Amino acid sequence: MGSALLSQWVAGPESVTVVDPMASDLPEGVALVPDREKIASQRFDCIVAAVKPQLIDEVMPAYRENIAPGGYILSIAAGYSAGRLSRLMGDAPVVRTMPNLPAAIGRGVSGICPGPHASSDHLVHAEAFMRRAGSTITVDSEEKLDRVTAVAGSGPGYVFEIARAYAEAAMAQGFDEDEARDMVLGTMGGAVAMASEPSAPGLEELRNSVTSKGGTTAAGLDALNSDDGLSDRLHATLQAAYDRAVELR
Ligand SMILES: NC(=O)C1=CN([C@@H]2O[C@H](COP(=O)(O)OP(=O)(O)OC[C@H]3O[C@@H](n4cnc5c(N)ncnc54)[C@H](O)[C@@H]3O)[C@@H](O)[C@H]2O)C=CC1
Ligand SMILES: O=C(O)[C@@H]1CCC=N1
């Protein structure tokens, strides 16, 4: 996820240093160091915590020394609480965010939540930084940010999986893989673009506008919604992702 954000952040005026023992092929202008020791004496206005939540306890404390006076930590880690991270970093200011993968093409949706010791300047900076990668929603509690995680952070995974199953069903109707992929992504992309038009009606009305009485869509939707299966499954999906974020706190 860090590299997806980086691809948008590099367009800005800041100098960016990435510490990653495994990274390669970073955008031009980014300094890559495989080992924090190499930048031990440098200070940074914003340090982005972009390792897996399970690695934060091990990796992040060394970076306490790298926070410039007035600087802050911007975390993209799922679940791991801002309070816990702030304490780990010697009571440093923390802003927690939750981006999603389409940030890689500037179409991400990011949640943002100010944590301990974060000033309004830190929040304004984090919001502007995340807006470079798409739209943002600022929330006032970590509980809410964990719900943004369940809806939007993990969301592209659900969408890719739904598209995959939809394409698989198209192949079962006799189309080859490329035809199925093109038709499914074209249909999903066209429908989402239409629903995203400023003057678009609500989602229920849009659905109804496709659904002729006694027609093919009605027959398909009856199968899709039988026993409230789709709705129940989506509720369970978001709840499971939220519950996991809570476990990672
Ligand atoms: N993948 C996604 O769609 C999203 C991920 N996130 C968060 O982003 C964070 C990273 O997740 P992914 O990008 O999926 O994982 P990833 O495994 O693709 O990336 C983690 C990166 O950390 C690097 N790394 C490992 N040990 C390191 C160390 N000691 N020092 C510096 N770098 C080190 C790895 O080389 C790798 O480049 C997680 O905290 C996750 O919760 C948040 C939103 C969406
Ligand atoms: O699956 C995860 O834990 C990360 C956070 C949101 C999306 N990917």
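Given the structure is predicted, the values throughout are model-derived calculations rather than measurements. Numbering of ligands and ligand atoms starts at 1, following listing order. Residue numbers start at 1 and run along the sequence shown.
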Participant: What pairs with Asp140 under side-chain contact (heavy atoms from CB on, under 4.5 Å), at least two apart in sequence or on another chain?
Facilitator: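 In terms of side-chain contact (heavy atoms from CB on, under 4.5 Å), with neighbours along the sequence ignored, Asp140 is linked to no residue.
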Participant: May I ask you to decide if Ile39's main-chain N or O and Asn66's side chain share a donor-acceptor pair within less than 3.5 Å?
Facilitator: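 Yes; at least one donor-acceptor contact below 3.5 Å.
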Participant: I'd like to know if the side chain of Thr97 reaches the main chain of Pro99, judged simply by a donor and an acceptor atom lying under 3.5 Å from each other, with no hydrogens or angles considered.
Facilitator: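 No, Thr97 side chain to Pro99 backbone: no donor-acceptor pair under 3.5 Å.
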Participant: Would you find a donor on one side and an acceptor on the other, under 3.5 Å apart, between the side chain of Asp176 and the backbone of Glu179?
Facilitator: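 Yes, Asp176 side chain to Glu179 backbone: donor-acceptor pair under 3.5 Å.
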Participant: Can you find a side-chain donor-acceptor pair between Thr138 and Glu127 that sits under 3.5 Å?
Facilitator: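 There is such a pair between these side chains.
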Participant: If you count only heavy atoms, which residues are under 4.0 Å from ligand 2?
Facilitator: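 Residues Ala78, Gly153, Ser154 each place a heavy atom under 4.0 Å from ligand 2, listed by chain and number.
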Participant: Not counting sequence neighbours, which residues clear side chain to side chain donor-acceptor pair (under 3.5 Å) with Tyr72? List them please.
Facilitator: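 By the side chain to side chain donor-acceptor pair (under 3.5 Å) rule, Tyr72 matches His125.
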Participant: Sub-3.5 Å donor-acceptor pair from the side chain of Ser86 to the main-chain atoms of Gly83, do we have one?
Facilitator: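 Not at all, since once roles are kept as given, no pair shorter than 3.5 Å links the two residues.
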Participant: Could you pull out every N or O of ligand 1 that sits under 3.5 Å from a protein N or O, with the distance for each pair?
Facilitator:
| residue | atom | partner | partner atom | Å |
| --- | --- | --- | --- | --- |
| ligand 1 | 13 (O) | Met1 | N | 2.4 |
| ligand 1 | 15 (O) | Lys52 | NZ | 3.2 |
| ligand 1 | 35 (O) | Asp20 | OD1 | 2.6 |
| ligand 1 | 35 (O) | Asp20 | OD2 | 3.2 |
| ligand 1 | 37 (O) | Asp20 | OD2 | 2.6 |
| ligand 1 | 39 (O) | Val51 | O | 2.6 |
| ligand 1 | 41 (O) | Ala78 | N | 2.9 |

Participant: Measure the spacing between CG of Leu248 and CD of Gln54 and express it to the nearest 0.5 Å.
Facilitator: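 Those atoms lie 5.5 Å apart.
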Participant: With a 4.5 Å cut-off on side-chain heavy-atom distances among I, L, V, M, F, W and Y, is there a chain of contacts connecting Phe129 to Val95?
Facilitator: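 Linked, Phe129 and Val95 end up in one cluster.
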